[in-house]
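Below is one structure; the comments refer to it alone.
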Amino acid sequence: MSDCVFCKIIKGEIPSSKVFEDENVYAFLDINPASKGHLLIVPKKHSESLDELGEQEFSSLFAAIRKIARALLESLDNTGFNLLMNSGKDAGQIIPHVHFHIIPRKKKDGLSISSWPFLKFSGDHLQEIAKSISEHIRD
Ligand code: AMP
């Protein structure tokens, strides 16, 4: 898409700190990182949601995530990472081009990315929720 920031980065029209590139995937440092080495992994094909990606793009994306996550652990002084995706405006997606964030973590780094309320549902309610999701699973 011509006005997509990430498409422009992939084409080299906007500068980026590139970490990895292959036929289907481009990865670069986030311009407003949550921690040192915070990066974004994006499919080269412009897609707003995961559902628009083909099998090959999807598997390339996850192969790249695995390689890059390993490299992050080996190269910087982090001891873990969060892999996250904001999908949809209500989930905080700002750039409408599929991307995963990898955020390097270390002990007592003060980030609270993975703090959510631990809600309690009854066993029956959990079964109901699981059923309603599983009934919609399709290829
Ligand atoms: P979100 O869509 O909320 O998952 O996040 C989009 C991310 O893209 C944010 O963390 C931004 O800091 C990052 N971002 C936006 N523009 C650029 C850019 N030109 N270079 C690198 N990162 C960017």
Side-chain angles (χ1 to χ4, degrees):
M1 258 218 335
S2 55
D3 59 348
C4 169
V5 175
F6 288 175
C7 287
K8 286 185 178 169
I9 286 176
I10 292 161
K11 282 192 261 170
E13 292 169 11
I14 292 179
S16 69
S17 305
K18 183 173 86 173
V19 168
F20 174 83
E21 179 174 17
D22 70 12
E23 195 188 342
N24 296 311
V25 179
Y26 193 92
F28 54 102
L29 294 182
D30 194 301
I31 205 168
N32 296 123
S35 65
K36 186 171 84 177
H38 174 175
L39 51 84
L40 302 170
I41 305 180
V42 309
K44 285 187 173 174
K45 178 186 164 202
H46 180 85
S47 316
E48 201 162 327
S49 77
L50 278 182
D51 225 16
E52 293 165 42
L53 292 180
E55 286 292 323
Q56 189 52 55
E57 283 130 2
F58 198 77
S59 55
S60 295
L61 196 57
F62 276 89
I65 286 170
R66 182 169 65 173
K67 285 181 210 167
I68 294 164
R70 191 195 298 135
L72 262 181
L73 287 170
E74 289 174 2
S75 58
L76 300 179
D77 56 350
N78 57 302
T79 47
F81 62 87
N82 292 107
L83 171 65
L84 73 91
M85 175 190 202
N86 299 321
S87 184
K89 268 189 199 153
D90 291 344
Q93 184 177 10
I94 298 167
I95 307 284
H97 181 136
V98 169
H99 55 281
F100 281 92
H101 295 252
I102 299 189
I103 301 174
R105 302 297 303 272
K106 58 182 159 187
K107 201 170 181 180
K108 296 188 177 163
D109 60 14
L111 293 179
S112 60
I113 292 159
S114 48
S115 68
W116 52 70
F118 286 87
L119 302 176
K120 298 279 180 236
F121 288 105
S122 69
D124 283 352
H125 198 175
L126 287 175
Q127 290 297 335
E128 229 176 86
I129 297 165
K131 185 166 178 280
S132 106
I133 297 168
S134 65
E135 283 173 354
H136 285 82
I137 289 182
R138 59 185 162 75
D139 288 333

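All figures in this text were calculated on a predicted structure; none of them were measured in a lab. Both counts, for ligands and for their atoms, begin at 1 and track the order of listing.
Between the side chain of Lys36 and the backbone N or O of Asn78, no donor-acceptor pair lies under 3.5 Å. Formation of a donor-acceptor pair under 3.5 Å by the His38 side chain with backbone atoms of Ala34 is found in this model. Of the possible polar contacts, one joining the Lys45 side chain to the Glu52 backbone as a donor-acceptor pair under 3.5 Å is found. In this structure a side-chain-to-backbone donor-acceptor pair under 3.5 Å is present from Ser35 to Pro104.
With hydrogens left out, the protein atom closest to atom 3 (O) of ligand 1 is Gly92 O, 2.7 Å, a heavy atom. Nearest protein heavy-atom neighbour of atom 1 (P) of ligand 1: His99 NE2, 3.2 Å. The single protein non-hydrogen atom nearest to atom 16 (N) of ligand 1 is Val5 CG1, 4.1 Å, given as residue, atom name and distance. Considering only non-hydrogen protein atoms, atom 2 (O) of ligand 1 sits nearest to Ile94 N, 2.7 Å. Given atom 15 (C) of ligand 1, the protein heavy atom at minimum distance is Ile95 CD1, 4.1 Å. Of all protein heavy atoms, the one lying nearest to atom 7 (C) of ligand 1 is Asp30 OD2, 3.6 Å. What sits closest to atom 17 (C) of ligand 1 on the protein, heavy atoms only, is Ile31 CG2, 3.8 Å.
Of the N or O atoms in His38, none lie within a sub-3.5 Å distance of an N or O in ligand 1.
Set against the non-hydrogen atoms of Ile9, the atoms of ligand 1 under 4.0 Å away are 18 (C), 19 (N), 20 (N). Within ligand 1, counting atoms from 1 as listed, the ones closer than 4.0 Å to a heavy atom of Asn86 are 1 (P), 3 (O), 4 (O). With ligand atoms numbered from 1 in the order given, ligand 1 contributes 21 (C) to contacts under 4.0 Å with heavy atoms of Leu29. Of all the atoms in ligand 1, the ones that sit under 4.0 Å from a non-hydrogen atom of Leu40 are 8 (O), 13 (C), 22 (N).
Ring-plane geometry between His125 and Phe121 is classed as perpendicular, the angle between the planes exceeding 60 degrees on a 0 to 90 degree scale with a lower cut at 30.
In this structure Lys106 satisfies the salt bridge (charged side-chain N to carboxylate O under 4.0 Å, His left out) test together with Asp77, sequence neighbours excluded.
With a 4.0 Å heavy-atom cut-off, ligand 1 is reached by the side chain of Phe6 but not by its N, CA, C or O.
The two residues Pro43 and Leu61 make their nearest non-hydrogen contact at N-CD1, 3.9 Å.
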What's the verdict on side-chain contact (heavy atoms from CB on, under 4.5 Å) for Gln56 and Ser60, showing C-alpha distance, side-chain angles and the deciding distance? CA-CA 6 Å; Gln56 189 52 55; Ser60 295; 3.4 Å; yes

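Atoms CZ and CG, on Phe6 and Leu40 in that order, are 5.0 Å from each other to the nearest 0.5 Å.
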